[in-house]
Amino acid sequence: MAEYSALQVIRNALGGNEHWKPLWRKPDPKPAYNVIIVGGGGHGLATAYYLASEHGIANVAVLEKGWLGSGNIGRNTTIVRSNYLLPENAAFYEHSMKMWETLSHELNYNVMFSQRGIINLFHTPAQEDEAARRGNAMLLNGVDARFVRPEELGKRMPALDLAGSSRLPVLGGLEQPRAGTARHDAVAWGYARAADRRGVDIIENCEVTGFIRDGTRVTGVNTTRGDIYARKIGVAVAGSTSRVLAMAGIDALPIESHVLQAFVTESVKPCLDCVVTYGGGHLYISQSDKGGLVFGGDIDGYNSYAQRGNLPIVEDVMSEVVELFPAFAKLRLLRSWGGVMDMSMDGSPIITAGPLPGMYLNAGWCYGGFKATPASGFCFAHTIATDEPHPLNAAFSLDRFYRGYVLDEKGQGATPWKH
Amino acid sequence: MAEPFISTPVMAATAQSPIADALLPGEYGNLAIGAQVALSERFGLAICDVCAWPGLETKTANAIKRATGLAVTKRRDAVGEAAQGFQHAPGRWTVIAEDPSLAERLTRAVSANATVVDLAHGRTCLRIAGEAGTSVLAKLFAIDFAEKAFPVAKGLATSHHAVLAQIQRVDAQTFDLLVFRSYARTFFHALTRASEEFGYRIVPPRAGEPET
Amino acid sequence: MSGYRRPSGGKVIERGKSITFTFDGKQYFGLAGDTLASALIAGGVSVVGRSFKYHRPRGIVAAGVDEPNALVTVLGDGAREPNIRATEIEIHDGLVCESQNRFPSLDFDMRALNQLGGDALAAGFYYKTFMGPARWPFGGTRTWMAFERQIRRAAGLGRAGTESDTSRYDRVNAHCDTLVVGGGKPGIVQALEAARKRRRVIVCEIDPTLGGYASWSGDPDISAMITQLQAMDNVQILTRTTAWGIYDGNAVAALERVSDHRRDRAPGEARQRMWIIRAGHVALATGAFERPLVFPGNDRPGVMLASAAQRYAAMYGVLPGKRIAIVTNNDSAYTSAIALKARDANVITIIDLRSEVSGGARSIASVAGARLRTGQAVVATAGTGGLDSIQVAPFDHRTRRPTGRSEGISCDCLLMSGGWSPAIHLASHAGGAPRWDDTLKAFLAPEDGRDLSLHGAAAGDFVFGAGLSPAPAPVYEVRAPGKAFVDFQHDVTADDVRLAHREGFHSVEHVKRYTTLGMATDQGKTSSLPGQAILADALGRPLEQVGTTRFRPPFTPVSLGSIAAERFGDLHPERITPIHDWHVKNGARMVAAGHWQRPECYNRWKESVEQAYIREAKTVRRGVGIVDVSTLGKIDIQGPDAAAFLDRVYTNGFARLPVGKSRYGLMLREDGFVFDDGTTWRLAPDRYLMTTTTANAGPVMQHLEYYLNVIWPDIRVHLTSVTDQWAAMAVAGPHSRDVLAAIVIDTDVDNLTLPPMGIVHGRIAEVPVMICRLSFSGERAYEVYCGAHHGAHVWNALIAAGEPWGILPYGLEALGALRIEKGHVTGAEIDGRTTARDLNLDWMLSTKKPFIGSAMMDRLGLVPITRQALVGVVSINGEKFHGGSHIVESANPKKPGPSLGHVTAMCYSPVHDRYIGLALVSSGRARLGARLYATDPVRSASHVPVEIVRHVMVDPSGDRMHG
Amino acid sequence: MIIPCPFCGPRDLAEFTYHGDAARAAARPAHGSTDQEAWDRHVYDRRNPAGSHAEIWQHAGGCRSHLRVVRDTRTHEITETTLYAPEVSQ
């Protein structure tokens, strides 16, 4: 298939756009593959792509139970950042950030990664020190960071209420200038197209219904489109992790599924040029290319597979938007939706071989999975291909919890709904 | 050696209400058809939390009855002349009275059946009365204020966002609200704001109670 | 368009009551009862807005919430309100609105040049281009971001304001047995039925008046029914109220537009009100939306839904044109035709895509005086500004293509009807998949077992009149050259849908996301089904298998302000201590600590914060100070097992603490990390008063309740929060005892009666107090507790009593400085990642008993000595460093090397006369005496040499405290 | 979501705080247990079922009782609510 380019777009337009080809084939599953990736979301597709591109393993199938990208890759608030405190997280997410910076070229698909910056606002002297601690950690870990003072914040965000409710005035913000947003669906489509071009079979509407075992070893999967065998099976199914692994007899994991809601307003002309988070609660907000304000807050806080949430969080989140931007009270909520988050016990992910021989697990992304997509796929592919973790995901093991090497970015302990 | 206070009665001469400054008697808001609610603080009350040990709830209710004359039972809350009581949690009552010796009387009466905690300072008791009372309260609490669901004398615990509140229906149109003292000022502000569209009257404290 | 107002008629308008409003700076007149849309049509305005992508001129298509085109910005009280549908704005004197998404003006929009891009701007073109070269200087994201800036400017609809919205929003909770959504005839029937059974009923109607379709289609029974309903005392009718979301447990969110339709508001009256209605049963009588048809030029101003024209005529006495043509695939348009005819409209022709048309329809067409053209379709429209003529051609509905030569018809208004889609949005919010009804050619609500029912058109119960069929022909598109729009607002054409299919997007959700079909502010109310039908055609599969996209709240856009309601601005909850007013009056800078307001410091003589806290801390070290600590969490713990309970929740022992003494206690989480600390006082053998940190008061209470109620129900202990019962103030400094001795009566306060950790009862200025000798500062210090209502009184008495010794109040900053010197930990160190050992608190871990966390605290990762441990840091050259700085080895600020840890807190130490701090540093204890650097590149660029010292930097022997 | 508190009656979700799987609480190792593996499982592992889930909620904004709520995690439908009593879960 031809490379995408402006020229190509014009040439096709002259032909009435009749000659565009599907981004990925619709193959029937083969009886066996070298590697099966369960889960056709961002992480699964990226893993397949890097298996093919980095490790030369193209005999790969990605199995998706619904339509490609129907999970969290298309439900998040599109934020890409690497402003982490703990060195293990910083290294991983910064690697991801670097991959994002060249991803559109790598995939020959415009994922619209826009490095508009993310600003974490702080409102008390204690929060300022916290922000400095994080910002300094970022700089020492080789990540970009800067302090933004209220005057600059006021200029960049004219609708921001710097005085706040006087209880929580805006004292400043910690910015990661290289952070930003990307077009979430495009990431899935871009990886799917690029993986497909390297020979990966992407099989939609193919639900895994069981695992085929040879002793303890996992050797294949039963699916709604027949049994498929593989030497290695990677599972990257986010909120469905417990459900899928239960089919392999794993009845408990350090993961709970929780619903996270996200919101978008009607489109308006550009009025918010960066991603902002509120320090007086939990809110992250940015404006999409189309003009809608996209935002979210806390997870609902109870186990759920329902992909929809309830009103208390809706009210909390709206009150925080209006607290920060009183002018936005008159903007209107257009749509809300929910995704199922695989909340881990320390808020950090798991990328590992196991828990059964022949199986590999990629999970525990909480609500930070989107920005991790490239590095997650890259590290998971490495782990699957070499049976060893990449140095970047060595800390994201499954046994870290029991050994006490938790990566607790928020310090909330094993209370997954508080991460 | 220290002995626990059974109670620290509110002494009129030295006590200060957290909302004293906001309690400016007068009429406010939309007075097109007059004030439809009256707001006041019942300051200086004795307020106790009585918590029965498991299995001793009936005995505790009887003890409250003995100490206060209130006809409370395991199933019934009560509003009396001199006291009010309601069960806000299983086996757990709030009792309020004008008499400062309430805590002592309750402690004696319940003996080993229950524990008593004096909250005379810890809670602020606001009263809202009038035709629009339930309409105002419906803005703040997700509780059904219909008389069938919330009959006279019943009390319950609920919350307005972060502010925990106990509410007792004194009569068809009168409610007593107990909120944490530290939240009382912002809560009262919210209450007056919710009342504005109906017009409200702030009722001065009764004679004998401190004015500021 | 040449719309006009008839000399008579119009159900909801008041003839003779003229209203003046402004649109795009020009004055217009309407009548009371008009919507902006009806008034503009009556005023002959045809172009009301510009489309999203191609900036094509657009007119009014619908008459309600389904309007995709006519969006305007209302310029009200300061804050702009963009994207409001003209069909929903009730005009009133002084209304000012403007059109959107046009530059420089509505009539001439430069961005309409976008259309020249033609097919290059088809769906998803931006995914394939704008990437630029992969290499510097335009590599990375640079090229895209340059293009993106332009794209963003062109996109978006109205402009948001920057001024604070000062209008008021309310929130009301309601409960009912039956909630009826939709006040049309089916809704009224449901409401009356429930009301007669004495149920509590609430009816939400989106319009200002009840009646809905029955009202504007002239149903003779409807007025009587409305009167009957209004007379029921158990029915609450909410007009101008949109139920926008159904959540679990039949909790329904609804928006009432209380006073948007008026200029004046009564005091305290809200602009909008959010209702949260908990309903036993929800009866949805939400009606249905008429679908447009997809044909070239269907977006030209003057093309309108047939039912909308009917509604404008009936309700507002307004006709959208002088020569009206109708194009349809179903019988309902014939009802519209006859209704328009009855109001003197000139319906010249009805173009029916079907080749076979029923006798009933034929006779209506002839009564309406309209020439019936069956088996024909509109293949093009023409006109400048509005519609002048259409092209009609014979049509094969199987191929969707014209089959013969077209004929021009002169008309200024074209009405279209593509059948009806029941408004099942709310019924689908729980996530069930809608069911396809192949007779009605419509999706019906999922059956998901909730207490919810649908009625009338929402249930697919369409009644268009005698002899007319409810079923449309399954054809929505006319495939002929030219742009044929599916989603008007987002400029998604039929070709875009086919392109998406060609590129492999075969799921409706994919097509939605790739083309943005159905993602506009009308959320696909008009566009969804035609779009799905085109996709089904492309896939060669029945529509049933294609399905529909998931419906999500809100049903129609709702203001963020209404959902936030009372929860912002001055209504944010705030906690104040009993001494709050004194602090404010005496110059305290207040700062938020969670919900609490606490004094940061008391500024005098224009001091800086740093000057103030140093002065305050010095006062405590040299004389005596007083601080308000009422915010500490306090829990009354009573019961025969109180001691045993504390032994389980604290790492150290409390069972053997004597009555009349207090002890510092440490709590871990179950996973072995530190949770909270505080002192607990034993007041009686079976009664303790526990204190917690300010921040953790709530979490600690919940933690204890959980273990009591869930894990150890046999333990007999009662817990009560008494945080607010007690005012608490700490008197600290060498002269603290002198101050107390001068004012406390009924007890001695000498070292024998009140040794460290001792408790006494006495009185201060008549008020009973409880005093515990505790020190957070390291000085001799006492915490004085009294009933909160007396707090200000006792505080004043202490200040007066302390005057001879120069007592001064101190705030959080000085409190922090004193504790840093003393090495006490707070939330900055207990950050959820530190262990007792990390904080040098291993001496508090009892080895004689298990406690919460004891089983997990010795795991491999929690014990290495390389973990970050608490140490003191002292500035070597006197230079200031900052909280949040990291500790590094390198002297070179440009190459600081890896972080060894960070400064958790810092202050200027009056004792050491230099800046000191606490830090968590890896292998901290092994580094005592080391010279390292506190670096703060992100904030101050300071890089300060520091010495690592023990964390207790003042009076390690405790002589000052115990003396 | 509306949770029917057995003591207070139906109340809004906002009044409740979540405490997770009731079975997990019931299976907490005895106080003082030194079975490390049992503690590992208890503190970190979750069943996380898609379907019926017995869980603990506290009516923190009301009577403060702990409740045992049986709820379907796929639909949020609540089928059972009782005041939490440890024997129920064992």
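Numbered from 1 within each chain, the chains take letters A, B, ... in sequence-line order.
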Which atoms of A:Gln412 approach chain C - backbone, side chain, both or neither, heavy atom under 4.5 Å: backbone
Side-chain (C:His882) to main-chain (A:Asp129) donor-acceptor, under 3.5 angstrom: no
Side-chain (A:His105) to main-chain (C:Met131) donor-acceptor, under 3.5 angstrom: yes
Sequence-distant partners of A:Tyr402, side-chain hydrogen bond (donor to acceptor under 3.5 Å, both in side chains), two or more places apart: D:Asp45
Under 4.5 Å from a heavy atom of chain C, the part of A:Val317 involved: neither
Plane angle bin for C:Tyr127 and A:Tyr109 - parallel if under 30°, tilted between 30 and 60°, otherwise perpendicular: parallel
Closest-packed option against chain A by number of heavy-atom pairs under 4.5 Å, given C:Met856, C:Arg142, C:Met519: C:Met519
Toward chain C, the part of A:Leu407 with a non-hydrogen atom under 4.5 Å: neither
Approximate separation, where rounding is to 0.5 Å, of A:Tyr302 OH and C:Asp248 CG: 6.0 Å
From CA spacing to verdict: salt bridge (Lys or Arg N to Asp or Glu O under 4.0 Å), C:Glu81, A:Arg332: CA-CA 9 Å; C:Glu81 191 178 18; A:Arg332 304 198 300 170; 5.5 Å; no
Salt bridge present between C:Asp831 and A:Arg133 (N-O < 4.0 angstrom): yes
Structural part of A:Leu334 lying under 4.5 Å from a heavy atom of chain C: both
A:Arg308, part contacting chain C, at a heavy-atom distance under 4.5 Å: both
Toward chain C, the part of A:Thr265 with a non-hydrogen atom under 4.5 Å: side chain
Distance in Å, A:Glu315 CD paired with C:Ile276 CD1, rounded so as to fall on 0.5 Å steps: 4.0 Å
Interface moiety of A:Gln307 toward chain C, non-hydrogen atoms closer than 4.5 Å: both
Side-chain (A:Asn17) to main-chain (C:Leu499) donor-acceptor, under 3.5 angstrom: no
Options C:Arg171, C:Met590, C:His501, C:Glu813, ranked by heavy-atom pairs under 4.5 Å with chain A, top entry: C:Arg171
Portion of A:Ala137 that has a non-hydrogen atom of chain C nearer than 4.5 angstrom: both
Pick from A:Val321, A:Leu311, A:Thr415, A:Asp346 with the largest number of heavy-atom pairs that fall under 4.5 Å of chain C: A:Leu311
Side chain / backbone / both / neither for A:Glu204 at chain C, heavy atoms under 4.5 Å: side chain
Proximity of C:Phe505 and A:Trp24 rings by center, below 6.0 Å: yes
Under 4.5 Å from any heavy atom of chain C - which part of A:Pro125: side chain
Check: A:Asn136 side chain, C:Val938 main-chain N or O, donor-acceptor pair, under 3.5 Å: yes
Under 4.5 Å from any heavy atom of chain C - which part of A:Lys26: side chain
Top contributor to chain A interface from C:Ala134, C:Pro898, C:Ala154, C:Gly897 [non-hydrogen pairs under 4.5 Å]: C:Ala134
Donor-acceptor under 3.5 Å (C:Lys128 side chain, A:Ala6 main chain): no
A:Glu409 and C:Arg833 ion-paired at < 4.0 Å: no
Sidechain-backbone polar pair: C:Ser164 side chain, A:Ala327 backbone, donor-acceptor under 3.5 Å: no
Toward chain C, the part of A:Arg149 with a non-hydrogen atom under 4.5 Å: side chain
Under 4.5 Å from any heavy atom of chain C - which part of A:Phe401: backbone
Proximity breakdown for A:Arg183 and chain C, heavy-atom pairs closer than 4.5 Å: side chain
More than 12 heavy atoms from other groups under 6.0 Å of CZ on C:Arg159: no
Residues which pass salt bridge (Lys or Arg N to Asp or Glu O under 4.0 Å) with C:Arg152, listed by chain and number, not counting sequence neighbours: A:Asp289, C:Glu148
